[in-house]
Undergrad: 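The structure follows.
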Amino acid sequence: MTEYNPVGPYIIKSGKRKGKSLEGLMFREPSFLSRQLRRIDEKSRENRKKNQMELHLEWLRERGENRQAQRPCPQCGKRPVRYFSVRYSVGGGFSASPAYTACEKCVQEIENYNTRIYPFRFSVIRSFSVKADQKIIADIFVWAFNLKSPLRKEALFKFFSE
């Protein structure tokens, strides 16, 4: 990736999401960002120069994979959470909450036969296909990273910049 160092959040200038920041969309509309990232990846093969939004979105994708959660592990109370589990039901639904999070030492305590363990990486949110499911997972991220609601553009930019 080209060296890119933004100085502030990227605000969408037109269309349905006008006035929204890409940073906020990481939590609220990850499917939209996934589509945009796929388009960027496809266009990259054409060896063309990327625009500001494309550069910013690639920067966010990279930064979203290495954020460190701040909340203490609910299991031991000592180390920060690193993983969360999603408990699937036989009927096809699932449940997930901050109670189902753990550090690297306690991760076995949140596992059982019908769970899947995920790391706190933003690409995980995008892996859930239903928007309501993505919101559940994004809310756990907001908790784990100790972010304040409502999510403010500048605070989210600072979070991804650090």
Side-chain angles (χ1 to χ4, degrees), residues 1-12 17 19-41 44 50 52-87 94-111 115-162:
M1 185 173 123
T2 307
E3 188 62 34
Y4 175 74
N5 294 307
V7 295
Y10 184 90
I11 310 301
I12 297 176
R17 293 167 185 85
K20 294 187 179 188
S21 72
L22 291 180
E23 289 78 2
L25 294 175
M26 291 283 284
F27 290 91
R28 297 298 172 225
E29 289 192 59
S31 294
F32 168 74
L33 297 182
S34 289
R35 287 190 303 276
Q36 296 303 314
L37 285 164
R38 269 195 306 278
R39 287 184 187 127
I40 292 167
D41 292 341
S44 292
K50 294 176 181 156
Q52 190 73 21
M53 180 181 163
E54 292 169 336
L55 291 171
H56 198 88
L57 194 49
E58 284 184 331
W59 175 80
L60 277 173
R61 172 175 45 189
E62 183 180 310
R63 302 293 298 169
E65 296 303 291
N66 66 8
R67 303 295 84 205
Q68 296 297 313
Q70 303 299 311
R71 295 286 184 148
C73 172
Q75 314 312 315
C76 69
K78 297 176 184 174
R79 294 168 292 276
V81 294
R82 295 291 178 250
Y83 301 96
F84 67 97
S85 83
V86 174
R87 297 175 182 218
F94 75 84
S95 65
S97 82
Y100 302 143
T101 61
C103 65
E104 61 280 347
K105 302 263 189 204
C106 298
V107 70
Q108 71 280 354
E109 294 181 34
I110 62 171
E111 291 181 294
T115 61
R116 180 144 183 223
I117 305 297
Y118 296 96
F120 280 103
R121 293 188 181 131
F122 280 81
S123 57
V124 170
I125 300 172
R126 296 189 311 260
S127 70
F128 290 83
S129 58
V130 177
K131 191 171 184 173
D133 295 348
Q134 291 175 344
K135 182 181 180 335
I136 292 167
I137 302 305
D139 287 344
I140 294 170
F141 276 54
V142 168
W143 172 85
F145 292 112
N146 205 23
L147 298 170
K148 306 291 183 236
S149 288
L151 300 174
R152 305 240 183 256
K153 297 169 187 170
E154 295 76 19
L156 288 175
F157 176 74
K158 182 179 176 188
F159 166 72
F160 283 107
S161 297
E162 293 176 337

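This one's a predicted model, so the numbers in the text were calculated from it and none came from an experiment.
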Undergrad: Would you say that Gln36 contacts Glu54 through its side chain, given a criterion of any heavy-atom pair below 4.5 Å between the two side chains?
TA: no
Undergrad: I'd like to know if the side chain of Glu23 reaches the main chain of Lys20, judged simply by a donor and an acceptor atom lying under 3.5 Å from each other, with no hydrogens or angles considered.
TA: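 Answer holds: no.
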Undergrad: Taking side chain as C-beta onward, heavy atoms only, is Cys103 less than 4.5 Å from Lys78?
TA: no
Undergrad: Out of curiosity, Tyr83 OH to Phe120 CZ, how far, rounded to the nearest 0.5 Å?
TA: 11.0 Å
Undergrad: List in chain and number order the residues that pass side chain to side chain contact (heavy atoms under 4.5 Å, CB included) with Ile11, two or more places apart in sequence or in another chain; answer none if no residue qualifies.
TA: Pro9, Ser21, Lys153
Undergrad: How close do Arg17 and Leu25 get, counting heavy atoms only, and between which atoms?
TA: CD-CD1, 4.1 Å
Undergrad: Less than 4.5 Å apart, side chain to side chain, heavy atoms only: is that true for Ile136 and Val86?
TA: no
Undergrad: Among residues at least two apart in sequence or on other chains, which ones pass salt bridge (Lys or Arg N to Asp or Glu O under 4.0 Å) with Arg71?
TA: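 Applying salt bridge (Lys or Arg N to Asp or Glu O under 4.0 Å) to Arg71 gives none.
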Undergrad: How long is the span from the CD1 atom in Ile40 to the CE atom in Met53, to the nearest 0.5 Å?
TA: 6.5 Å
Undergrad: Enter the distance from Asn5:CG to Leu55:CG here, rounded to the nearest 0.5 Å.
TA: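 If we round to the nearest 0.5 Å, Asn5:CG and Leu55:CG are 11.0 Å apart.
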Undergrad: Is there a ring-ring contact (aromatic ring centres under 6.0 Å, His included) between Tyr100 and Phe84 once you walk through the steps?
TA: CA-CA 6 Å; Tyr100 302 143; Phe84 67 97; over 10 Å; no
Undergrad: Between Gln75 and Ile110, is there a donor-acceptor pair closer than 3.5 Å when you use the side chain of the first and the backbone of the second?
TA: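 It does not hold such a pair.
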Undergrad: Does Ser123 form a side chain to side chain contact (heavy atoms under 4.5 Å, CB included) with Glu65? I'd like the steps, not just the answer.
TA: CA-CA 7 Å; Ser123 57; Glu65 296 303 291; 2.9 Å; yes
Undergrad: Carefully, step by step, assess Ser31 and Gln134 under the rule side chain to side chain contact (heavy atoms under 4.5 Å, CB included).
TA: CA-CA 9 Å; Ser31 294; Gln134 291 175 344; 2.7 Å; yes
Undergrad: For Pro30 and Ile125, work out which heavy atoms get closest and say how close.
TA: CG-CG2, 3.4 Å
Undergrad: How many angstroms lie between NZ in Lys131 and CD in Glu29, if you round to the nearest 0.5 Å?
TA: 4.5 Å
Undergrad: How long is the span from the CZ atom in Phe157 to the CG atom in Leu60, to the nearest 0.5 Å?
TA: 8.5 Å
Undergrad: For residues Arg28 and Leu151, determine if any side-chain heavy atom of one lies less than 4.5 Å from a side-chain heavy atom of the other.
TA: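 Yes, close enough: below the 4.5 Å cut-off.
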Undergrad: Which residue in the set Gln52, Glu58, Lys50 passes side chain to side chain donor-acceptor pair (under 3.5 Å) when paired with Tyr4?
TA: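 Testing each of Gln52, Glu58, Lys50 against Tyr4, the sole residue satisfying side chain to side chain donor-acceptor pair (under 3.5 Å) is Gln52.
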Undergrad: Would you call the rings of Tyr10 and His56 parallel, tilted or perpendicular, where under 30° means parallel and over 60° means perpendicular?
TA: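 The arrangement is tilted - the two ring planes meet at 30° to 60°.
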Undergrad: Does the gap between the ring centers of Phe141 and Phe27 come in under 6.0 Å?
TA: no
Undergrad: Should we say atom CZ of Arg63 is surrounded by more than 12 heavy atoms from elsewhere, each under 6.0 Å from it?
TA: yes
Undergrad: Is there side-chain contact between Thr101 and Trp143, with heavy atoms separated by less than 4.5 Å?
TA: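 A side-chain contact exists here, since the closest heavy-atom pair is under 4.5 Å.
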Undergrad: Verify, without hydrogens or angle tests, whether Arg79 (side chain) and Glu104 (backbone) share a donor-acceptor contact under 3.5 angstrom.
TA: no
Undergrad: Please determine whether side chain to side chain donor-acceptor pair (under 3.5 Å) holds for the pair Arg82 and Gln68, giving the CA-CA distance in whole Å, both sets of side-chain angles, and the decisive distance to 0.1 Å.
TA: CA-CA 8 Å; Arg82 295 291 178 250; Gln68 296 297 313; 3.2 Å; yes
Undergrad: Start with the C-alpha gap between Trp59 and Glu62, add the side-chain angles, then the distance that decides, and say whether side chain to side chain contact (heavy atoms under 4.5 Å, CB included) holds.
TA: CA-CA 5 Å; Trp59 175 80; Glu62 183 180 310; 5.9 Å; no
Undergrad: Strictly distance-based, threshold 3.5 Å: is any side-chain N or O of Thr115 a donor or acceptor partner for the main-chain N or O of Glu111?
TA: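 Pair absent, no side-chain N/O of Thr115 close to backbone of Glu111.
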Undergrad: Between Phe128 and Phe94, how do the two ring planes meet: parallel, tilted or perpendicular, split at 30° and 60°?
TA: tilted
Undergrad: Could you tell me which non-hydrogen atom of Phe145 sits nearest to which non-hydrogen atom of Ala69, and how far apart they are?
TA: CE2-N, 3.4 Å
Undergrad: Please identify each residue that fulfils side-chain hydrogen bond (donor to acceptor under 3.5 Å, both in side chains) with Ser97, with sequence neighbours left out.
TA: none
Undergrad: Could you check Pro74, Cys106, Pro72 and say which one makes a side-chain contact (heavy atoms from CB on, under 4.5 Å) with Val81?
TA: Pro74
Undergrad: If I compare all heavy atoms of Phe160 with all of Gly64, which pair ends up nearest, and what's the gap?
TA: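 Reported closest heavy-atom pair: CE2-CA, 4.0 Å.
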Undergrad: Mind checking the CZ-CG spacing from Arg39 to Leu57? Nearest 0.5 Å is all I need.
TA: 11.0 Å
